[in-house]
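In this text the structure is predicted, and so the values were computed from the model without any measurement.
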Amino acid sequence: MEQVLLSTTILASFLGGIVALLAPCCVSVMLPAFFASSFRRRGQILGMTLVFAAGVGTIILPIALGAAIVSRALGQYHFWIFSVVGIAMVVVGVATLVGWKLMLPMPSGKSSG
């Protein structure tokens, strides 16, 4: 099981890195900065590429590991999670039918001052 989880996490990290590189913020900010710094020193392109990949991986790998942990927890505690959330939904539904209004904090354009 650990080998499947680890290989899936690495694959998810790789695909996440590709998606992150294609994201508008990455393409418009990070990638041009990478190219500008790497093409100034052509002898260090491989090193700069590895550092850039390590930086993207530093963000993507924890996200993929967290998703794997959540996925494992959902699989392991599926019955209890769905039971508790289902009961909470029924309680909120009954409370709403009785007349209770759930007040959610909503940002407004008005300032308090």
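The hydrophobic cluster containing Ile81 also contains Val70, counting ILVMFWY residues as joined when their side-chain heavy atoms lie under 4.5 angstrom apart, directly or transitively. Val98 and Val90 fall within a single hydrophobic cluster, where Ile, Leu, Val, Met, Phe, Trp and Tyr are joined by side-chain heavy atoms under 4.5 Å apart, directly or via other members. Under the 4.5 Å side-chain heavy-atom criterion for Ile, Leu, Val, Met, Phe, Trp and Tyr, Tyr77 and Leu74 are members of the same hydrophobic cluster.
Under the rule for a side-chain contact (heavy atoms from CB on, under 4.5 Å), the partners of Ile63 that lie at least two apart in sequence or sit in another chain are Ile59.
For Ser71 (side chain) and Ala67 (main-chain N/O), no donor-acceptor pair under 3.5 Å exists by modelled atom type.
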